[in-house]
Amino acid sequence: MIDLDTIVSLCKRRGFIFQSSEIYGGLGSAWDYGPLGVELKRNIKNLWWRDNVHLRDDMVGLDAAITMHPKVWEASGHVGHFADPFTGCGDCGRYYRADHTASAVVESKWYQAVKKALAGPSGQKDPEKAVCNWAQSDGKKLAPNLPWVKNPNEPAGPLLDLLAKSAPLHACPSCGGRLSDPRPANLMLHTLLGPVEQTALKVYLRPETAQGIFVNFVNVAQSTRKKLPFGIAQVGKAFRNEITPGNFTFRTREFEQMEIEYFCMPGTDEEWHQRWIDERFAWYPKYGIRKENLRQREHAKDELAHYAKRTVDIEYLFPMGWSELEGIANRTDYDLKQHAQFSGQRLTYFDEEKKVHIVPYVIEPSGGADRATLAFLVDAYTEEQVRGEKRVSLRFHPEIAPIKIAVLPLLRNRPDVVETAHRVCDDLRRTWMSVYDDTAAIGRLYRRQDEVGTPFCVTVDVQTVGDKEKGETDDQKVTVRERDSMEQIRVPIADLPSCMRECMDGRWAEAKRRHPAQPVKE
RNA sequence: GCGGGCGUAAUUCAGUGGUAGAAUGCCACCUUCCCAAGGUGGACGUCGCCGGUUCGAAUCCGGUCGCCCGCUCCA
């Protein structure tokens with residue numbers, strides 16, 4: 001498995017992804033997509049949109065504002081749940097949910113070790129001494145910041161009392177340090193709407209795009225006359241004060257989501273949930289992600305979000321391990337009911353058959369655009385030995401690849417070759433993202449394109465235009481070279497559009513049958 | 001935020017007190033009829049930032065910012 005650093009440096013070197021504000025020392029947790037990165041990510045978002053919206057009769061799109069009425073987040077539960085009181089360790093800086101610290105202490109290594117020491121023979125005889133001994137030996141490793149470890153003179157009595165009563169100990173589960181009083185953590189970013197700070201409205205930057213869909217449910221249903229079941233898709237930025245951003249673009253505080261809220265009849269929700277899980281799981285391999293690098297993970301009951309009846313994650317084997325790419329949750333009727341209650345509006349669907357108003361159930365496939373982009377990059381990365389040299393290539397699916405075709409003149413000192421290559425390139429550009437390059441020998445040009453994942457190169461040579469001095473006629477044919485196999489075929493310029501279409505559709509074998517091979521010189 | 005590691009050219013890295021090096025890459029020209037070919041020339045770093053010690057700091061010290069690994073959160 002390739003390490004993330006290799007991907008990071010390739011991304012920078014070739015213009016996929018740069019660190020935000022790099023000239024000022026960088027901003028943690030923010031990344032900028034360069035010329036190739038923006039193409040890559042846009043391709044992924046467009047394919048997602050095409051497959052989930054355009055190719056389906058039961059889906060429509062939406063693009064809601066990032067800032068919304070503050071009440072949205074009260075209704076959604078984010079103000080309550082996203083602001084769970086947290087407590088921080090003053091010594092090691094770790095954060096814990098305040099309601100989890102007591103159990104975390106009991107399960108901690110140092111707590112277990114103290115208990116064990118007390119249960120031993122010397123512990124039975126003189127508990128206080130046993131604790132002191134432990135504190136000055138194992139305790140130094142396990143809980144260096146525990147008061148009794150830091151200071152041998154600290155009376156062990158309070159510690160013993162706490163252990164005896166199994167009372168929660170207000171100490172860091174990890175290092176034994178002093179925990180701060182619980183304080184509300186602000187996992188949502190906010191800003192002030194209005195030019196004068198004193199009178200401005202404090203609004204949140206949405207922590208998920210989903211709520212923009214829920215609050216527009218009735219608008220969309222009425223304006224599109226959609227019947228249940230139907231879904232609303234949205235791609236857009238969301239913001240969260242992650243406690244620990246990191247792993248390149250995997251966890252950032254500003255990120256882009258690709259979300260669907262699929263509204264269905266109560267009672268059919270479980271079936272739709274499973275259908276979306278299958279649908280979304282099959283989507284990634286469709287564009288080249290290797291199946292062995294994908295898996296599903298069912299959320300345990302105690303890790304389900306407050307709104308969820310069932311959640312299944314699609315995980316990808318990133319360089320740092322299996323991590324979430326997309327989550328598919330059954331959000332039940334929770335959100336619509338909440339918004340109905342908080343807004344006082346009726347957010348229901350009228351069932352024509354039964355003549356009743358119902359609150360639809362909602363299935364939410366929620367993917368990360370940045371995470372998907374990273375997964376496609378990692379999965380495409382390939383190193384191999386070619387003639388004793390390392391060849392690095394990104395084996396992107398043609399629909400994913402930022403550049404589809406590179407047009408390269410075999411010789412740069414022949415004006416007619418160069419001119420023809422330019423003309424061929426300009427023609428291809430109208431349909432496919434294409435580039436022209438003549439600044440190096442052909443071998444180097446191929447390697448450059450391999451490294452950014454261009455699936456096909458088109459090469460113009462002297463035969464294409466004919467060598468009039470030698471009395472040779474032009475054949476008006478070019479070489480098409482496939483990235484992964486490095487195989488080459490010779491194709492008439494006139495047939496290039498149809499041949500390239502075939503190639504982009506993954507029918508290289510057919511193109512090969514129809515066109516003669518262009519041998520590679522050894 | 002704490003512990004550990006780290007920050008020198010676009011990239012990967014060498015350089016532990018005497019005003020910066022290599023390889024690859026990049027640019028120009030020449031050469032070259034298909035896989036990082038060859039030749040000639042070239043650009044490139046106020047050594048993350050700020051301060052201190054010193055006659056002198058990439059090198060030592062302090063602070064700060066950022067990155068990686070661990071602890072937590074999720075898309």
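Proteins come first, then strands; the chains are lettered A, B, ... in the order of their sequence lines, and each starts at number 1.
Distances were taken from every side-chain heavy atom of A/Asn413 (C-beta onward) to each of B/C35, B/U32, B/G66; the shortest belongs to B/U32.
Residue side chain A/Arg391 does not reach the base of B/C35 through any donor-acceptor N/O pair under 3.5 Å, judged by distance alone. A donor N or O paired with an acceptor N or O is not found under 3.5 Å between the base of B/C35 and the side-chain atoms of A/Arg444. Side-chain to base pairing of A/Gln488 with B/C35: one donor and one acceptor N or O lie within less than 3.5 Å of each other. Evaluation of atom-type donor-acceptor distances gives no pair under 3.5 Å for the side chain of A/Arg240 against the base of B/C74.
Here the C1' atom of nucleotide B/A36 and the CG atom of A/Leu408 are 14 Å apart, to the nearest Å.
The side-chain ring of A/Tyr446 is not stacked on the base of B/A36, judged by centre separation under 5.5 angstrom and plane angle under 30 degrees.
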Where do N or O atoms of nucleotides 11-14 of chain B meet protein N or O atoms at under 3.5 Å, pair by pair?
unit_1, atom_1, unit_2, atom_2, d
B/U11, OP1, A/Lys12, NZ, 2.6

Would you list the protein and nucleotides 27-29 of chain B atom pairs, both N or O, that sit under 3.5 Å from each other?
unit_1, atom_1, unit_2, atom_2, d
B/C27, OP2, A/Arg448, NH2, 3.3

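Counting all heavy atoms, side chain and backbone alike, A/Cys503 lies closest to A/Pro398 at O-CG, 4.5 Å.
A/Arg387 has a side-chain polar atom (N or O) that falls below the 4.0 Å cut-off from OP1 or OP2 of B/C35.
Among the protein residues, A/Leu4 comes within range of no part of the nucleic acid, since none of its heavy atoms lies under 4.0 Å from any strand.
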